[in-house]
Amino acid sequence: MIPWLLGAAYINRQFLISVRHILRFFVGAIQTLYPFVIMSNPKSESVVSEPSASEPSIPISYPIKTLEDLESRSYFESFHYPFNKASSSVNNSSSSSLPNRRRLLVCHDMAGGYLDDKWIQGGTNPDAYAIWHWHLIDVFVYFSHSLVTLPPPSWTNAAHRHGVKVLGTFITEWDEGKAVCDTLLSTKETAHMYAERLAELAADLGFDGWLINMEVNLDLGQISNLKEFVEHLSLRMHSSVPGSLVIWYDSVTLDGKLNWQDQLNEHNKPFFDICDGIFVNYTWKEDYPRLSAAVASDRKFDVYMGIDVFGRNTYGGGQWNVNVALDVIRKNDVSAAIFAPGWVYETKQPPNFETAQNSWWGLVEKSWGILQKLPGVLPFYTNFDQGRGYHISVDGDNVSDATWCNISCQGFQPLLESSDPTNSIQVSVDLKEASYSGGGNITFKGSLEEQTYYESKIFQGEFLLTNLPIHFIYSVSYIFLIIIAEKTAHQYVILGFKKAIIFL
C-alpha cells in the first residue's frame with residue numbers, strides 16, 4: 001500500500017483496488033520492457049516459486065496458485081506433499097466444537113506468507129516471527145494472496161498443541177479471480193468438485209477448514225452455484241474432519257456485488273447460514289457489532305468482527321489501539337477477528353520484537369481476557385520453547401550453539417503478564433541462557449526482601465487426576481515449586497502453581 005493513501009481519513013476500498021490495477025499494469029509493462037530490472041522489494045523473499053514435483057530437495061510449504069492444479073490434484077504428486085502433513089491434531093478434549101462463548105480468531109497475513117515458516121524441517125533465523133500467546137486464541141487462519149493457501153505444518157502443530165483450530169484460505173481477487181470464479185461456478189457439478197478438492201486437502205494435511213474470501217464482482221446467475229460451493233464445502237469438511245470450520249469473509253453480497261457490508265445483514269446472511277461463521281470486514285461502525293448480534297440471534301458467537309492491526313480505516317485505528325475495537329466487540333458479546341498481528345514484527349516496533357510482541361498481546365489480554373485453558377490432556381510437559389533460539393540442549397547438556405527456528409518445536413507457552421517495572425521480580429521466557437531441554441527456559445529475575453512471599457501464575461488449566469502420584473521434572477536454581485491441588489470426587493484438579501524464590 002502507498003503510505004499517503006493510508007493516511008487519509010477515509011479512502012473508498014474500490015478506489016484502492018483501481019489504484020492497484022493501475023500499479024500492476026505499470027509494473028508489468030516495466031518488467032516486459034526491461035527484463036533485467038530486479039525490483040528491490042523487502043518482501044520479495046516471500047514469493048514461493050512452484051517447486052519441482054518429483055525432484056528431491058529441502059522440503060518446503062507452498063500454496064496452490066491455479067485452479068488447474070487444484071483440480072488435477074498435482075499437489076499430491078509433489079515430493080514436498082508428505083512433509084506438509086501436520087503431526088498433531090487439536091489437543092483438546094472438546095475439539096469437536098468451538099466453545100459456546102465469544103471467541104478470538106487471528107488471521108496471519110504477513111509479508112505474503114511462506115517466509116521462515118516455509119522450511120518444514122526448520123531454518124536458521126533465531127529472530128523468525130512466531131506467536132506464543134495461544135491462550136488468547138481460538139482459531140488461527142494462515143492467509144496469503146495465492147488462490148489456495150495451505151498452512152505450513154509448523155503453524156498447525158503449534159496451534160493444535162495449544163487447542164487452537166487452524167484454517168487455510170481460498171481467495172479470488174482481481175481479474176484473475178474473476179476468471180477463476182467463471183470456471184469454479186460454471187455449473188453445480190464444478191462447484192461441488194472444487195469444494196471436494198479443498199476438503200480433501202484439509203483432511204489429508206491435518207488442518208481444520210477454510211476461510212473463503214471471494215473478493216470479486218460476480219454475475220447474479222453465479223450466486224446459486226456459489227452457495228452450492230460454500231454449503232458443499234461445509235458439509236464435506238464436517239464429515240471428513242469432525243469439529244472443522246468454514247468461515248465466510250464479508251465481501252460478495254447476495255446480488256453478486258463486491259460490496260463489504262461491515263456487519264451481518266440480509267445481504268450476506270445467506271452465506272453465513274450455510275457455513276460456520278462470518279469474518280466481518282474491518283471498517284465497521286460502533287453499533288455494527290450490536291446489529292450483527294441481533295441478526296445472528298443464537299449464533300452471535302459465529303460473527304467475527306474484523307480488526308486490521310495496520311489500522312486501514314479499521315474501528316479504533318488498530319496498531320497500539322487494538323483494544324479500543326476489542327472493548328466494543330466484547331461489550332456486545334460477539335467474536336473478534338484480528339487481521340495481521342505480524343504488524344508488530346513487520347514494522348519493527350521498539351524496543352525489540354519480544355518486548356513489543358508481549359506488550360501488544362498484553363493489550364489484547366487486558367481487553368479480551370483469558371478465555372482459553374490448557375488442553376486437559378495428560379501427560380502435560382513443556383520446556384518453554386518458542387520454536388526458535390540460539391542453542392539446543394538435551395537433558396541439561398548443550399548439544400548445539402547453532403541458531404535455529406521451527407515453530408513445530410514450540411512447547412506449551414506460559415501465561416506471562418506484560419512486563420511491569422514496579423515488580424521486584426520480572427518473569428520472561430529466555431532464549432539465550434542455558435536450557436535444560438530445547439532452546440528456551442522460563443526466567444525469574446530480581447530480588448526479594450527477607451521473608452517476602454512472591455507468586456506468579458504461569459499456567460491455567462484443569463487436569464482430572466486419579467490417585468496416582470504427580471511427578472515434576474525440572475532444572476532450576478534457587479527456586480522450589482509447590483503444587484496446589486484440590487481433591488474432588490476422588491480426583492484431583494490442579495488449580496495452579498506457586499513459586500517461591502529462596503536465596504541461599
Side-chain angles (χ1 to χ4, degrees), residues 1-3 5-6 13 16-17 20 41-48 61-65 104-118 128-131 133-134 136-152 154-156 158-159 164-174 177 207-215 245 247-251 260 277-283 304-315 317-319 322 325-326 335-349 353 356-357 360-361 364 407:
M1 289 292 186
I2 302 173
L5 281 177
L6 296 181
R13 191 167 181 178
L16 293 177
I17 292 175
R20 179 165 173 173
N41 182 352
K43 297 182 180 180
S44 61
E45 66 186 58
S46 67
V47 179
V48 180
S61 296
Y62 60 94
I64 296 174
K65 298 182 178 180
L104 188 65
L105 178 151
V106 170
C107 191
H108 173 67
D109 172 47
M110 196 183 78
Y114 302 101
L115 300 172
D116 293 292
D117 53 9
K118 74 182 176 184
Y129 179 75
I131 287 177
H133 298 81
W134 297 107
L136 301 173
I137 304 171
D138 296 288
V139 182
F140 177 82
V141 180
Y142 196 80
F143 181 94
S144 81
H145 289 278
S146 294
L147 179 67
V148 180
T149 301
L150 302 171
S154 57
W155 282 106
T156 305
V164 175
K165 295 181 185 295
V166 177
L167 309 184
T169 305
F170 181 81
I171 186 171
T172 60
E173 54 185 351
W174 321 120
F207 59 95
D208 308 292
W210 296 95
L211 171 68
I212 304 300
N213 186 358
M214 313 293 281
E215 294 205 79
L245 304 171
I247 305 292
W248 174 260
Y249 185 74
D250 167 30
S251 51
W260 302 270
I278 185 170
F279 184 143
V280 174
N281 188 50
Y282 46 76
T283 55
Y304 299 84
M305 303 299 297
I307 305 170
D308 179 17
V309 182
F310 276 83
R312 292 163 286 205
N313 299 317
T314 199
Y315 184 87
Q319 302 184 12
V322 65
L326 285 172
S335 296
I338 293 178
F339 185 78
W343 169 83
V344 174
Y345 185 89
E346 282 195 78
T347 57
K348 296 180 172 58
Q349 292 296 299
F353 172 54
Q357 172 95 319
W360 187 87
W361 281 99
V364 175
I407 309 173

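Quantities reported herein were computed from a predicted structural model and do not represent experimental measurements.
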Trainee: Looking at CG of L105 and OG of S335, how far apart are the two atoms once the value is rounded to the nearest 0.5 Å?
Mentor: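 Spacing of CG (L105) from OG (S335) equals 8.5 Å.
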Trainee: Assess, by modelled atom type and distance only, whether the side chains of W343 and Q349 contain a donor and an acceptor separated by less than 3.5 Å.
Mentor: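 No, because no side-chain N or O of W343 sits under 3.5 Å from a partner of the opposite role on Q349.
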Trainee: Could you check V106 against V141 for side chain to side chain contact (heavy atoms under 4.5 Å, CB included), going step by step and ending with a plain yes or no?
Mentor: CA-CA 6 Å; V106 170; V141 180; over 6 Å; no
Trainee: Could you tell me which residues satisfy side-chain hydrogen bond (donor to acceptor under 3.5 Å, both in side chains) with S144, sequence neighbours excluded, listed by chain and number?
Mentor: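 Listed in chain order: T149.
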Trainee: Specify the closest pair of heavy atoms between L326 and L104, including all atoms of both residues, with the distance to one decimal.
Mentor: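 So the minimum-distance heavy-atom pair works out to CD2-CD1, 4.4 Å.
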Trainee: Within this structure, what is the SG-CD1 distance for the pair C107 and I307, rounded to the nearest 0.5 Å?
Mentor: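 It is 12.5 Å, given to the nearest 0.5 Å.
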Trainee: In this structure, is the centre-to-centre distance between the rings of F140 and W155 below 6.0 Å?
Mentor: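 They qualify: ring centres under 6.0 Å apart.
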Trainee: When you compare the side chain of L147 with that of K65, does any pair of heavy atoms fall below 4.5 Å?
Mentor: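 Side chain of K65 against side chain of L147, heavy atoms only: no contact under 4.5 Å found.
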Trainee: Would you call I278 and I247 a side-chain contact if the rule is heavy atoms closer than 4.5 Å?
Mentor: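 The answer is no; the side chains never approach within 4.5 Å.
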Trainee: Is there a side-chain contact between S146 and Y114 in this structure, where contact means two heavy atoms from C-beta onward sitting under 4.5 Å apart?
Mentor: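 S146 vs Y114: side chains apart.
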Trainee: Answer yes or no: is there a side-chain heavy-atom contact under 4.5 Å between F310 and F339?
Mentor: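 No, their side chains stay 4.5 Å or more apart.
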Trainee: For L115 versus M110, what's the shortest heavy-atom pair and its separation?
Mentor: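 Nearest heavy atoms, L115 then M110: CD1-CE, 3.8 Å.
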Trainee: Are the ring centres of F279 and Y304 closer than 6.0 Å?
Mentor: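 F279 vs Y304: aromatic centres not under 6.0 Å.
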Trainee: Decide yes or no for K165 and D138: does some side-chain heavy atom of the first lie under 4.5 Å from some side-chain heavy atom of the second?
Mentor: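 When only atoms from C-beta onward are counted, D138 and K165 do not touch, as no gap falls below 4.5 Å.
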Trainee: Any non-hydrogen side-chain atom of T283 less than 4.5 Å from a side-chain atom of T314?
Mentor: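 In short, these two side chains do not touch, never coming nearer than 4.5 Å.
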Trainee: For a quick test of reading the model, state the closest non-hydrogen atom pair linking W360 to Q319 and the distance between them.
Mentor: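 The pair with the smallest heavy-atom distance is NE1-O, 2.9 Å.
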Trainee: Give me the one residue out of F143, Y345, Y129 that meets ring-ring contact (aromatic ring centres under 6.0 Å, His included) with H108.
Mentor: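 Per the ring-ring contact (aromatic ring centres under 6.0 Å, His included) rule, the option paired with H108 is Y129, out of F143, Y345, Y129.
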Trainee: Restricting to non-hydrogen atoms, name the atom on T156 and the atom on P151 that form the minimum distance, rounded to 0.1 Å.
Mentor: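 Nearest pair, atom of T156 first, then P151: OG1-CB, 3.8 Å.
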Trainee: Indicate whether any N or O donor in one side chain lies under 3.5 Å from an N or O acceptor in the other, for Y282 and N313.
Mentor: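 Not at all, the side chains of Y282 and N313 share no donor-acceptor pair under 3.5 Å.
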Trainee: So do L150 and P63 actually touch side chain to side chain, heavy atoms under 4.5 Å?
Mentor: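 No - every pair of side-chain heavy atoms lies 4.5 Å or more apart.
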Trainee: Within the structure provided, determine whether V309 and I338 are in side-chain contact (heavy-atom separation under 4.5 Å).
Mentor: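 Answer yes - side chains close enough.
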Trainee: F207: what forms a ring pair (Phe, Tyr, Trp, His ring centres under 6.0 Å) with it, not counting sequence neighbours?
Mentor: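 Per chain and number, F207 pairs via ring pair (Phe, Tyr, Trp, His ring centres under 6.0 Å) with W210.
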Trainee: Rounded to the nearest 0.5 Å, how far does CD1 of I171 lie from CG of L211?
Mentor: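 One gets 8.0 Å once the value is rounded to the nearest 0.5 Å.
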Trainee: Please give me the minimum heavy-atom distance between A130 and Q357, naming the atom from each residue.
Mentor: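 Reported closest heavy-atom pair: O-NE2, 2.9 Å.
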